[in-house]
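A short worksheet on the structure shown next.
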Amino acid sequence: MVLDKVNSPSDLKALSEVELLVLAEELRSEIIRVCAQNGGHLASSLGAVELIVALHKVFDSPRDRILFDVGHQAYAHKILTGRKGVFHTIRQEGGISGFTKVSESEHDAITVGHASTSLANAIGMAIARDTLGEDYQIVSVIGDGALTGGMALAALNVIGEQQRKMLIVLNDNEMSISENVGALNRFFKELQIKKWVQDTEKWGRGVLETISPRLFNLVDRAKEAAKLVLHQENPFYAWGLRYVGPVDGHNLKGLIHLFQELKELDGPTILHIVTQKGKGYKVAEADPIYWHGPPGFDPEKPEKVSKGYSWSAAFGDAVTELAHLEPRLFVITPAMREGSGLVKYSQTHPSRYLDTGICEDVAATAAAGMALRGLKPVLAIYSTFMQRAYDQIIHDIAIEKLDVVLAVDRAGIVGGDGATHNGVFDIAYLRTVPGVQIAAPKDALELRAMLKKALELGGPVAIRYARDNVERVPEGSWPDIEWGRWEVLKEGGKAYILSFGKTLKYALEAAGDNPEVGVINARFLKPLDRELLEKLALKGYKLVTVEDHQKMGGFGSAVLEALSEMGLKPDIRVLGLPDVFFDHGSIPRMHREAGIDAAAILEALAQMGVRVGEVG
Ligand SMILES: CC(=O)c1sc(CCOP(=O)(O)OP(=O)(O)O)c(C)[n+]1Cc1cnc(C)nc1N
Ligand SMILES: [Mg+2]
């Protein structure tokens, strides 16, 4: 195998053109093989194989810095930069990350997982390079989806103003996780099908084989002379970028020529390449949405597998029905239609659905605008990605107490995606915002009850649920719920476990049939059920709070603050995630390590002198 000869990017530079083509196919096979066993970002990584081989052929990592936006498409980069032998551990317990990660390799220029950060990083690096009088290339690979992020577009503004030498490669496959959205995306489509571009590309490829330097001088001169025309065809003209493309992002030879040319140019250049998400694997080409991030599969007979009925699906079913009951309901997603369970909703209520692209800040403030003008927006948003909308929730939604429901998905530790994707800060940053109510349902019925009540109550309400499966409930189930009231699931003689959200299963497991230990579904965090809390404290019960969230600032903190305000000092233990980042791996193992599982609850109870058994 050619890949056997490549243990670092310098080995790749010695390969012939034919060997490089063979290498690309071997990389594809390896990516498919490992994703079949581990799951992972298959389609994105397959689409970026030629791009990555060409980059490492022409540029000189780690001296030259190659940045990958989101970093989920960089599997070939990982294999080519000394991690071939450990690639099979990707996203696994103790294995390498599924994204680029500075601490993992000198070839990983940025630690990522959230989209749209590479361009701001790149301009920062370019300024550092120039300020320190150093000399190296900076290349940022950004997908068409990631380019819909406000951070990316704002960074272009700075890059164009700074006019520092750097190369941006726009990897345009017309896909985010779903089909990509936005006016820029539409323009790219036009650009790609425009006859002028196809001819240019044919001519460009021909010329590139022979007299490429002349071509680029021609383009530059033509650009000056025909600014009006080009800037119609150059969407980046206003940002002061030199634009080249669109070109075939799977033409390895053409890409190598282009990179060799473009690396000589001063100032910022954006190369627009067109690729196919899932390239080289039929099922992934045919359905890049499912194969964006599949669980494991049989590589010889790849089939879609159902991941079970999730909280996201329960949410999607609920809002799809609710929209019939509440005509003002409007659902927004920042590019996570599938992940947030909204495919059916988007098909059933297309006129009351908005995918903003990867810009949670715009999604949150658009929700504010909708609420100001009489709609009842529900913003479906992952906890981790909601971090991008923190100021918008305060400034645009909470100050005026607007009727916006935040359906906060993936709350808690998420597993394979690791630290960049864990949803473990949202309680801390939401509960300090005046007027934002926070709830966590224990099952799909409570989710439906909370959604419906939240829409009736008005004001900003966050409903938080985990990356997990949940029992399906019949259509039309709309139970009532006493807002702000906790639910005693099991009486206890000596102690109570108060759980907020996903850890309720651990609480019930720990309590078992022990008559000493009661369990409370503390499903409301703001407002807390202070009346019940006061009663428990006054009766001298020992208390354990538990949550799948940072201990600092979480549910337990809220309970402690309330007890101190009431002047009560019960024997209490607060169980939550410690002050560290949790990388990718097994969720149960991380919960154990974090001290929020059933065993940890029992340990806490035992420390307080409660007679406990073993975890069943
Ligand atoms: C991995 C992950 O969390 C991905 S990958 C992806 C699509 C990226 O599209 P792009 O066109 O940039 O790349 P492509 O897959 O090659 O087409 C999204 C929306 N997400 C979720 C997401 C949402 N919101 C933010 C801020 N960051 C991320 N990473
Ligand atoms: Mg894309």
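A quick note: this is a predicted structure, and the numbers were derived from the prediction, not measured. Both counts, for ligands and for their atoms, begin at 1 and track the order of listing.
Not close to ligand 1: G47, with no non-hydrogen atom less than 4.0 angstrom away. Using a 4.0 Å cutoff on heavy atoms, K277 counts as a contact of ligand 1. Under the 4.0 angstrom criterion for non-hydrogen atoms, Y382 is not in contact with ligand 1.
At the shortest separation from atom 26 (C) of ligand 1 among protein heavy atoms lies R388 NH1, 3.3 Å. Ranking the protein heavy atoms by distance from atom 22 (C) of ligand 1 puts F385 CZ, 3.3 Å first. Nearest protein heavy-atom contact of atom 24 (N) of ligand 1 is E360 OE2, 2.8 Å. Atom 8 (C) of ligand 1 has I358 CD1, 3.9 Å as its closest protein atom, hydrogens excluded (heavy atom only). Ranking protein heavy atoms by distance to atom 6 (C) of ligand 1, first place goes to I177 CG1, 3.6 Å. The shortest contact between atom 29 (N) of ligand 1 and any protein heavy atom is with G113 O, 2.7 Å.
Salt bridge D417/R410: absent, no basic N to carboxylate O contact under 4.0 Å. Salt-bridge check for K78 with E104: passed, with a basic side-chain N closer than 4.0 Å to an acidic carboxylate O. Between E179 and K277 there is no salt bridge, since no side-chain nitrogen of the basic residue lies less than 4.0 Å from a carboxylate oxygen of the acidic one. Here D426 pairs with R464 in a salt bridge; the nearest charged N to carboxylate O distance falls below 4.0 Å.
Within the 3.5 Å criterion, the main-chain N or O of A313 finds a donor-acceptor partner in the side chain of S310. Checking side-chain atoms of S312 against main-chain N and O of G339 turns up a donor-acceptor pair under 3.5 Å.
When rounded to 10 degrees, the angle formed at the Mg ion (ligand 2) by OD1 (D144) and OD1 (N173) equals 80°.
Of the candidates N173, T384, I381, the one placing a heavy atom closest to atom 17 (O) of ligand 1 is N173. For atom 7 (C) of ligand 1, the nearest non-hydrogen atom from the set S176, G145, S178, G339 comes from S176. With Q73, H72, M336 as candidates, the residue nearest to atom 13 (O) of ligand 1 on a non-hydrogen basis is H72.
Two residues are said to be in side-chain contact when any heavy atoms from C-beta on lie closer than 4.5 Å; E30 and F87 meet this criterion.
Contact annotation: for V70 versus ligand 1, heavy atoms closer than 4.0 Å belong to the side chain alone.
The OG1 atom of T320 sits 10.5 Å away from atom CZ of R352, with the distance rounded to the nearest 0.5 Å. Considering CG of D144 and OG1 of T275, their distance stands at 7.5 Å, rounded to 0.5 Å.
For Y345 and H349, the distance between ring centers is under 6.0 angstrom.
Here N171 fails the criterion, with no N, O or S atom under 2.8 Å of the Mg ion (ligand 2).
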